[in-house]
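Chain letters run A, B, ... following the sequence lines, proteins first, then strands; residues in each count from 1. If you're wondering where the values come from, they're calculated on a predicted model, not measured in any experiment.
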Number of protein chains: 4
Amino acid sequence: MARNKEDKRKRILDAAAKLFAEQPFHKVLLDQVASAARVGKGTLYLYFKNKEELYIAMRLNGFQKLIAALEQGLAEHENDPEAQLAGIIDRLAGRLLEHPIMFKFWREAIIRMPSNMDWQEQLNELFELIEGVIQNGIEKGVFKDANPAATARYIAGLIRTLSMFRPEDNTTDELCRHAKQFVLNGLQAA
Amino acid sequence: MARNKEDKRKRILDAAAKLFAEQPFHKVLLDQVASAARVGKGTLYLYFKNKEELYIAMRLNGFQKLIAALEQGLAEHENDPEAQLAGIIDRLAGRLLEHPIMFKFWREAIIRMPSNMDWQEQLNELFELIEGVIQNGIEKGVFKDANPAATARYIAGLIRTLSMFRPEDNTTDELCRHAKQFVLNGLQAA
Amino acid sequence: MARNKEDKRKRILDAAAKLFAEQPFHKVLLDQVASAARVGKGTLYLYFKNKEELYIAMRLNGFQKLIAALEQGLAEHENDPEAQLAGIIDRLAGRLLEHPIMFKFWREAIIRMPSNMDWQEQLNELFELIEGVIQNGIEKGVFKDANPAATARYIAGLIRTLSMFRPEDNTTDELCRHAKQFVLNGLQAA
Amino acid sequence: MARNKEDKRKRILDAAAKLFAEQPFHKVLLDQVASAARVGKGTLYLYFKNKEELYIAMRLNGFQKLIAALEQGLAEHENDPEAQLAGIIDRLAGRLLEHPIMFKFWREAIIRMPSNMDWQEQLNELFELIEGVIQNGIEKGVFKDANPAATARYIAGLIRTLSMFRPEDNTTDELCRHAKQFVLNGLQAA
DNA sequence: TATGAATGAGGTTTCATTCAT
DNA sequence: AATGAATGAAACCTCATTCAT
């Protein structure tokens with residue numbers, strides 16, 4: 001019952017994620033979503049009020065998974081801010097490069113929509129997560145930064161752009177390594 | 001005549017820029033564009049093949065202005081890579097914060113659209129412009145960087161994110177100064 | 001069992017009567033009917049073939065009750081056509097004003113529905129009942145009428161309109177009394 | 001321009017009238033209306049907000065024509081209330097029997113719809129028109145009636161029912177003559 | 001050249017009906 | 001017998017595009 005229901009909701013979200021990643025909002029047809037999720041079109045409306053709500057739910061769902069993965073990564077290097085930061089960059093870049101879904105997340109933001117607040121909050125969660133690592137590093141004397149909140153945003157944006165517009169002739173590994181170095185340079189105490 | 005024609009095209013592009021900045025693609029109606037530009041709806045089709053082409057033309061138009069402004073800035077500090085880079089960051093951030101149109105540029109990219117190539121090319125122009133400054137700095141021994149192409153992308157992405165998700169309680173000036181410092185740290189020779 | 005079954009059928013018919021009286025056919029949802037009858041939606045289909053049959057069953061049900069009530073009234077004044085007619089008017093008006101369901105009976109008739117014949121027959125039953133009273137009166141020399149079939153229809157229509165569009169500032173009693181007088185005038189021998 | 005526009009609106013209303021008279025509301029498709037009116041489906045929405053508004057407009061339109069015809073008839077027998085009343089009955093019955101559209105008017109009334117007020121007002125207009133004739137007759141000493149408002153409603157309802165459920169084997173003429181006699185009986189001073 | 005009324009393909013959504021439980 | 005989640009046909013409606021003026 002509840003199990004099955006969860007399954008169906010998940011199937012719809014996954015199908016939506018795939019399709020919205022491939023096509024702009026207005027080109028994704030609910031017929032496609034329904035048949036990709038192997039459910040009737042009407043079923044979509046049992047789980048989501050309309051196309052927009054489905055879209056938002058899909059975005060939040062993907063983001064929550066990302067945040068969870070990053071938090072798990074932090075736990076693995078409890079007392080090493082440098083390693084934590086490196087982990088965040090690796091995972092973030094990895095996710096973005098692997099999952100085209102995430103592209104859209106970062107690329108698109110429906111503006112001035114009521115439920116958009118949620119989206120801002122999600123992003124803030126990410127920023128604060130990074131900021132926390134920087135703060136931690138500062139306290140430990142490993143980093144030096146006058147404005148960790150801004151830096152957290154830099155890091156997120158930096159990785160996003162790197163993922164979306166990767167320069168040719170570079171392996172993912174090389175890019176990550178270089179990015180990490182750049183960030184650490186920026187945070188290094190003189 | 002020709003004057004009048006140019007005017008109308010410009011009016012349409014400006015109206016489109018304003019509206020596309022406020023709403024996602026599928027919520028901007030050509031009725032709105034036409035009436036905001038004070039032209040008949042049919043007139044849009046005299047200047048642009050369809051909605052998508054209008055959107056692309058509007059994006060390119062905005063971007064070209066940006067590139068032009070940045071190039072002009074570079075000329076002002078011919079032999080000072082640090083100042084050039086600082087200028088780029090200032091102007092880029094300024095533009096993004098002033099012109100909401102530009103937000104959309106960075107925020108949204110219609111995927112797998114035929115003419116998307118143009119967009120990529122435009123962005124590459126920006127990346128190469130920044131990359132040139134870094135290269136120049138490396139040659140002059142002011143900067144040190146193993147992968148200027150990647151760094152150029154970082155800088156663009158960093159400013160974008162800063163503009164879109166600015167942390168509260170910071171003036172634009174403070175943020176720009178901090179960003180410049182962060183970037184210069186990353187590029188500074190040990 | 002059988003008891004329970006009858007109960008459920010009745011519950012459904014009552015719920016349907018209430019809802020169809022309040023809303024036009026296409027606005028009454030089977031979800032509403034089911035929940036108002038406190039049964040599952042699927043259960044409706046155990047008792048009625050589809051929405052249309054449910055609607056018809058509901059109408060017939062209401063009408064049969066009406067006819068039965070009128071017939072009972074006639075029996076009470078076996079040999080007094082005037083009293084019989086007055087009784088019909090009283091009961092008919094009373095019913096229509098009390099039971100909004102009946103409104104719909106008169107107000108709406110789904111045209112060219114296969115089973116609409118039944119509805120015509122029901123109405124004819126009513127007309128014939130009234131016609132019988134008039135005939136009886138004519139035979140007794142109390143009434144005078146060249147076309148009792150038409151007059152029977154007048155009376156029914158008269159009461160219906162009176163009920164649906166009652167003039168303000170009149171009690172039900174006053175209206176009934178006046179209607180009875182009007183009809184008797186029409187039927188009075190010179 | 002304006003001419004053409006009026007034409008199109010009229011064509012739509014006429015097509016709608018025909019179809020709504022033949023089928024219940026929910027069985028009339030806007031595709032049918034559009035093609036019967038020889039316009040595109042979208043054009044319907046240029047003239048009417050939605051299906052319901054089109055339906056209401058169509059009803060009002062028909063009713064206004066009816067009222068106009070009746071008023072014209074009254075003018076023809078300025079000082080003869082009996083003839084005026086007879087004229088109303090003739091025209092009303094004639095209309096209802098000729099134009100199946102009108103059937104629906106009287107048969108159906110969408111309940112508790114906001115714009116239904118208009119419909120009530122239209123009906124009141126009809127009632128008041130009849131009532132005026134009765135009042136006039138009373139003042140002239142030709143009629144006698146304690147409640148002309150109620151009687152006006154009787155007359156309307158009487159004709160409606162007669163038209164909808166006409167007894168077999170009667171010509172329209174016979175029925176009208178009989179109805180007029182019945183009504184005049186009811187209104188005759190002792 | 002400029003317009004905006006008209007179009008209709010195709011989108012989103014609803015809801016009567018079915019069927020696995 | 002009873003349910004209500006699931007279905008998908010078919011409804012309403014939108015809006016990019018066309019075209020007569």
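- No contact: Asp31(C) has no heavy atom under 4.0 Å from any strand.
- Taking Asp31(D) as the reference, Lys41(D) meet the side chain to side chain donor-acceptor pair (under 3.5 Å) condition, with sequence neighbours excluded.
- One atom, CG of Leu54(A), and another, P of dG11(E), lie 16 Å apart when rounded to the nearest Å.
- The side chain to side chain contact (heavy atoms under 4.5 Å, CB included) search around Ile67(B) returns Phe63(B), Glu71(B), Glu125(B), Leu126(B), Leu129(B), not counting sequence neighbours.
- Looking at residues 41-48 of chain B, you'll see Lys41(B), Tyr45(B) sit with a heavy atom under 4.0 Å from some atom of DNA chain F.
- By the 4.5 Å heavy-atom criterion applied to side chains, Gln32(B) and Glu22(B) are not counted as neighbours.
- Taking only side-chain nitrogens and oxygens, Lys8(B) comes nearer than 4.0 Å to OP1 or OP2 of dA2(E).
- If you take NZ of Lys51(D) and C1' of dC12(F), they are 8 Å apart, rounded to a whole angstrom.
- Here the side chains of Val33(C) and Tyr55(C) are not in contact, with every heavy-atom distance at 4.5 Å or above.
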A correct dot-bracket answer for DNA chain E, with pairs being Watson-Crick or G-U at under 3.5 Å, [ ] for crossing pairs and | for inter-strand pairs, is .||||||||||||||||||||
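- Between Phe20(C) and Phe25(C), the angle of the ring planes stays under 30°, which puts this pair in the parallel group of the 30/60° scheme.
- In this structure, the CD1 atom of Ile12(A) is 10 Å from the C1' atom of dA6(F), given to the nearest Å.
- Here dC12(F) presents its C1' atom at 12 Å from CD of Glu52(D), a figure rounded to the nearest Å.
- Mapped onto DNA chain E by nearest heavy atom, Val39(B) and Leu29(C) fall at different nucleotides, with Val39(B) at the one closer to the 5' end.
- For the pair His26(C) NE2 and dT13(E) P, the computed distance is 19 Å after rounding to whole Å.
- Every side chain to side chain contact (heavy atoms under 4.5 Å, CB included) that Lys10(C) has, sequence neighbours left out, goes to Asp14(C).
- At least one side-chain heavy atom of Tyr45(B) sits less than 4.5 Å from a side-chain heavy atom of Leu30(B).
- Val33(D) comes within 4.0 angstrom of no nucleic acid atom, judged by non-hydrogen atoms across all strands.
- Rounded to whole Å, atom P of dT7(E) lies 11 Å from atom CZ of Arg38(D).
- Each of Asn50(D) and Asn50(B) was assigned the nucleotide of DNA chain F with the nearest heavy atom; the assignment lying further toward the 5' end belongs to Asn50(D).
- Across the protein-nucleic acid pair, Gln23(B) atom CD and dC15(F) atom C1' stand 15 Å apart, rounded to whole Å.
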Subject >> From CA spacing to verdict: side-chain contact (heavy atoms from CB on, under 4.5 Å), Arg160(C), Arg160(D) >> reply: CA-CA 10 Å; Arg160(C) 170 193 172 275; Arg160(D) 170 193 173 274; 3.3 Å; yes
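- Considering only heavy atoms from C-beta on, His26(B) stays 4.5 Å or farther from Lys51(A) through its side chain.
- Rounded to an integer number of Å, the gap from Lys49(A) NZ to dT12(E) C1' is 14 Å.
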